[in-house]
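What follows is one structure encoded as structure tokens, with my remarks underneath.
Note that this is a predicted model, so its numbers are computed, not measured. First the proteins, then the strands, lettered A, B, ... as listed; each starts at 1.
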There are 2 protein chains.
Amino acid sequence: MNNLDRERLKILQDKINRMDPVDIAERLEDLSKEDTAIWIKLLKKDLLADAFSLLPRDKKIEMIGSLSEDRIMSLMKELEEDEVVDTLQELPANMVRKFMNQYIEEDRRPIINELLGFPKDSVGSIMSVGFIFVKSTATPTQALEKIIHSDLDADRLEQVWVTNQSLVLIGYVNLADLLRNKNKNIEEFMHPINASVYATDDQEVVAKLAFKYDLSEIPVTDSEGRLVGIVPAEWAIDVMHEEYEEDLGNIHGISESSPEHYWDKSVFRLAKDRTMWLIICLVTATFTSFIIKRYEALLASSVALAAYIPMLMDSGGNAGTQSSTTVIRGIYTGEIEFKEFVQVMFKELRIGIIVGLILVIVNIVRMSILDSVSLGVTLTVSVTLLTTIVLSKIIGGILPLIAEKTHVDPTIMAGPLITTIVDTLVLFVYFEVATILLGV
Amino acid sequence: MNNLDRERLKILQDKINRMDPVDIAERLEDLSKEDTAIWIKLLKKDLLADAFSLLPRDKKIEMIGSLSEDRIMSLMKELEEDEVVDTLQELPANMVRKFMNQYIEEDRRPIINELLGFPKDSVGSIMSVGFIFVKSTATPTQALEKIIHSDLDADRLEQVWVTNQSLVLIGYVNLADLLRNKNKNIEEFMHPINASVYATDDQEVVAKLAFKYDLSEIPVTDSEGRLVGIVPAEWAIDVMHEEYEEDLGNIHGISESSPEHYWDKSVFRLAKDRTMWLIICLVTATFTSFIIKRYEALLASSVALAAYIPMLMDSGGNAGTQSSTTVIRGIYTGEIEFKEFVQVMFKELRIGIIVGLILVIVNIVRMSILDSVSLGVTLTVSVTLLTTIVLSKIIGGILPLIAEKTHVDPTIMAGPLITTIVDTLVLFVYFEVATILLGV
């Protein structure tokens with residue numbers, strides 16, 4: 001290696017060691033094996049570990065394959081427990097045991113084994129076990145000493161948790177307050193715990209609490225109230241994003257294992273994610289086609305009716321999804337509960353009547369300008385439109401509540417299912433009303 | 001007041017002063033004027049201020065009306081600048097000037113006036129101006145002194161920002177690291193700034209950055225790179241939630257000024273939020289009804305065709321929304337950009353062909369079991385279904401990109417608009433194919 005090369009490596013080293021781990025991980029994904037090896041050599045240990053934990057599964061495995069045993073061990077040492085667990089979960093099953101025994105220090109194995117046991121999407125699977133606590137009888141100086149001698153990352157040391165004598169979590173103190181109140185009792189400036197989660201809770205609970213209480217760290221306790229982990233607000237954002245993606249996917253009938261990476265996923269994989277719901281909708285469309293066929297004679301004698309089927313179906317579908325979206329939000333924020341079933345029904349009924357009447361008026365104006373149909377058809381369409389809107393609103397309002405009660409994700413109800421139910425109802429009402437009003 | 005009353009008040013005081021401001025605000029909303037007055041007297045000043053800042057507009061105004069001038073002044077003093085600004089923005093216009101001159105200390109007015117100038121939904125409108133910075137030449141001890149003598153809330157003191165000699169932001173240090181590295185230079189353990197926002201940016205940018213980089217505080221700078229504010233991750237969660245609600249509302253055609261409070265909002269208000277989109281859809285349904293009427297003769301001669309209209313429309317609508325949802329996510333995370341327009345089109349085309357062929361097979365099986373129709377009808381439905389899926393996928397994929405390019409919120413495209421376009425296309429294709437294949 002000549003001087004010029006050495007000089008260039010030095011510049012690269014300076015540059016990449018000032019980058020954010022997120023950006024390093026993004027770059028690593030695209031680098032060749034040779035360049036990856038150079039980056040691994042040049043990066044500081046902790047930065048490499050941070051970036052490693054952010055890599056996608058395949059790149060992680062590729063990188064582990066190219067590292068010496070010593071380097072894997074030192075990499076694992078730099079990773080936090082929750083990051084080790086994430087990595088282990090991505091490895092092929094036959095590698096996990098070898099990894100545990102060979103590369104992970106013995107004193108870390110029990111906690112890692114415990115974290116490995118938490119189900120996917122549980123709080124336990126995402127929490128950090130890097131936190132500091134003191135008993136409430138400790139002095140601020142003792143707490144500060146604990147921080148100074150801790151080897152945790154500094155951003156896990158922003159608050160010190162406080163327990164009673166039986167180690168039950170009772171509050172927390174901010175590091176800055178410890179500095180400013182060295183001569184006080186900790187309890188004098190301690191914040192009480194108003195919200196905590198269990199490690200077995202669904203991770204969604206963390207996002208909800210962080211949102212409601214604006215907490216910078218959410219404590220995770222066991223059933224006795226002892227602190228077992230924390231989830232920082234920055235991570236709660238990730239959870240919220242994930243839940244959001246899941247909701248959107250549910251609402252629009254996309255079943256996905258991992259929602260991101262449009263470009264990385266093959267066309268077949270994306271097609272697979274989307275086909276299931278479309279098949280379900282197609283098969284349930286048997287109901288609508290059955291109804292239309294039942295009234296084929298009516299339709300044949302008054303073909304003008306067909307022109308309004310799309311409008312009626314779309315209005316019903318949209319009206320229903322509006323209601324379900326609103327109610328799902330309410331369930332999410334805790335504003336609406338199952339016990340308010342009847343109230344929701346009644347409120348949606350009234351909203352439906354108002355919205356329905358307005359639409360009927362607009363539609364009569366539209367039809368009288370653009371269409372030349374009989375009064376009977378106009379009347380049939382109007383009555384059906386009003387009924388459709390009212391029914392759709394009520395169904396859209398109560399379906400998410402029923403889902404919540406039966407522990408189905410309400411967002412699954414919001415999209416295709418409501419559309420199918422509403423479509424079938426609309427057509428049935430339309431033809432029944434037509435039979436009566438047109439006297440066919 | 002007798003001893004018993006005094007005793008009971010004491011118990012109440014102890015209880016409510018241990019509550020979280022969020023819970024206090026929730027309770028205050030429901031209390032009578034008399035009880036509110038008691039709570040105001042019993043609550044600690046800072047807790048009252050925290051709870052006050054969380055109250056809805058009307059309750060804030062009611063509370064201000066019931067307080068003495070002295071108490072209003074001390075309340076304002078406890079509020080952070082961004083909370084004062086929020087309050088001022090909720091007051092009737094004629095009260096704002098009086099408030100500024102009478103209740104807000106003179107030295108705070110310039111910064112509050114500046115914050116008032118930022119547009120709604122901008123970073124400036126939500127950022128906190130409570131932060132501490134030092135020059136990179138300062139010693140850790142000097143930085144610690146600044147923290148000890150600061151009167152900011154402890155949770156705004158978790159990191160100290162570092163600037164160069166011209167006050168340009170270059171990094172930050174964690175408080176715990178200051179304690180652990182008293183004898184080092186700040187630059188040795190400083191984290192560089194890898195992501196920052198401008199006060200004039202849309203608040204959505206903050207949520208995206210916090211999500212991407214897992215930052216516990218996002219720095220806000222002016223055009224020269226000087227720090228003017230910060231947004232803590234806890235707040236970024238609120239922003240993300242708000243954007244999520246807005247997206248959901250857009251997708252399902254609900255125009256809302258404030259998305260929450262299902263029970264507080266009147267039936268008329270909710271009806272108003274929902275009517276506009278339904279009217280738009282109803283009016284655009286003129287296209288579908290126009291097409292059906294154009295082919296009325298065809299339909300009359302082959303009424304069996306009508307039975308498949310709902311299935312075709314729903315499949316197209318669902319397929320289109322699936323694609324738009326996926327692309328909107330990609331735009332949000334920055335994975336998909338407008339310049340990839342052609343690639344998206346091509347990818348959706350291929351996905352559409354695969355999904356379409358599968359659906360066609362399923363549908364032929366379904367029709368051959370349940371329906372007894374001519375081969376011509378089966379063929380017409382099959383060809384239309386395939387065309388529908390492919391077209392819907394492509395339209396669903398590119399519409400959000402066009403929206404993004406033309407600075408329209410892509411989520412507005414995702415719902416009703418796509419449905420209308422797809423419906424019209426589906427019917428047109430259906431009848432054209434029927435005309436050819438059935439030879440009517």
Return the option, out of [options], with the maximum number of heavy-atom pairs under 4.5 Å with chain B.
| options | result |
| --- | --- |
| A/I353, A/L312, A/I336, A/T288 | A/I336 |
| A/M311, A/R18, A/K212 | A/K212 |
| A/V283, A/D371, A/I193, A/L385 | A/D371 |
| A/I351, A/T286, A/L215 | A/I351 |
| A/A207, A/S150, A/S315, A/S266 | A/S150 |
| A/I358, A/D314, A/V327 | A/D314 |

Which bit of [X] is near chain A, if near means a heavy-atom gap under 4.5 Å: side chain, backbone, both or neither?
| X | value |
| --- | --- |
| B/N181 | neither |
| B/D151 | backbone |
| B/T284 | neither |

If I take atom [atom1] from residue [X] and atom [atom2] from residue [Y], how far apart are they, to the nearest 0.5 angstrom?
| X | Y | atom1 | atom2 | answer |
| --- | --- | --- | --- | --- |
| A/N318 | B/T419 | CG | OG1 | 6.0 Å |
| B/I292 | A/I309 | CD1 | CD1 | 6.5 Å |
| B/L270 | A/I354 | CG | CD1 | 9.0 Å |
| B/D177 | A/L157 | CG | CG | 8.0 Å |
| B/F211 | A/D238 | CZ | CG | 5.5 Å |
| A/E217 | B/D155 | CD | CG | 11.5 Å |

Is [X] in contact with chain B via its backbone, its side chain, both, or neither, using a 4.5 Å heavy-atom distance?
| X | answer |
| --- | --- |
| A/E145 | neither |
| A/A304 | both |
| A/M367 | neither |
| A/P232 | neither |
| A/V173 | neither |

Using the test side-chain contact (heavy atoms from CB on, under 4.5 Å), find all partners of B/L144 that sit at least two apart in sequence or belong to another chain.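 B/L144 satisfies side-chain contact (heavy atoms from CB on, under 4.5 Å) with A/L179, B/L175, B/L178, B/L179, B/K182 only.
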Go through [options] and name the one with the most non-hydrogen pairs under 4.5 angstrom from chain A.
| options | answer |
| --- | --- |
| B/A176, B/A307, B/A285, B/A306 | B/A307 |
| B/Q159, B/R156, B/K393, B/K347 | B/K347 |
| B/I291, B/L54, B/I389, B/V362 | B/V362 |
| B/N194, B/L299, B/L427, B/L359 | B/N194 |
| B/K293, B/M19, B/E158 | B/E158 |
| B/L282, B/V355, B/L370 | B/L282 |

Does any non-hydrogen side-chain atom of B/Y213 lie less than 4.5 Å from one of A/D23?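 Heavy-atom side-chain distance check passes, below 4.5 Å.
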Does the side chain of B/M313 come within less than 4.5 Å of A/D423's, by heavy atoms?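 No; the side chains remain at least 4.5 Å from each other.
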Looking only at heavy atoms, which two atoms of B/L278 and A/Q322 are closest? And how far apart?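 Looking at all heavy atoms of both residues, the shortest contact is CD1-OE1, 3.5 Å.
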More than 12 foreign heavy atoms under 6.0 Å from CZ of B/F189: is that the case here?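 Above 12, so yes.
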Kindly write out the residues that satisfy side-chain hydrogen bond (donor to acceptor under 3.5 Å, both in side chains) with A/N363, not counting sequence neighbours, or none if the list is empty.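 So A/N363 forms a side-chain hydrogen bond (donor to acceptor under 3.5 Å, both in side chains) with A/R366.
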Looking at A/E348 and B/R274, is there a salt bridge between them, counting it only when a charged N and a carboxylate O are closer than 4.0 Å?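 Looking at B/R274 and A/E348, the cut-off is met.
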Could you tell me whether a side-chain N or O of A/R350 sits under 3.5 Å from a main-chain N or O of B/F268, the two making a donor and an acceptor?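 Flag not set: sc A/R350 to bb B/F268 has no pair under 3.5 Å.
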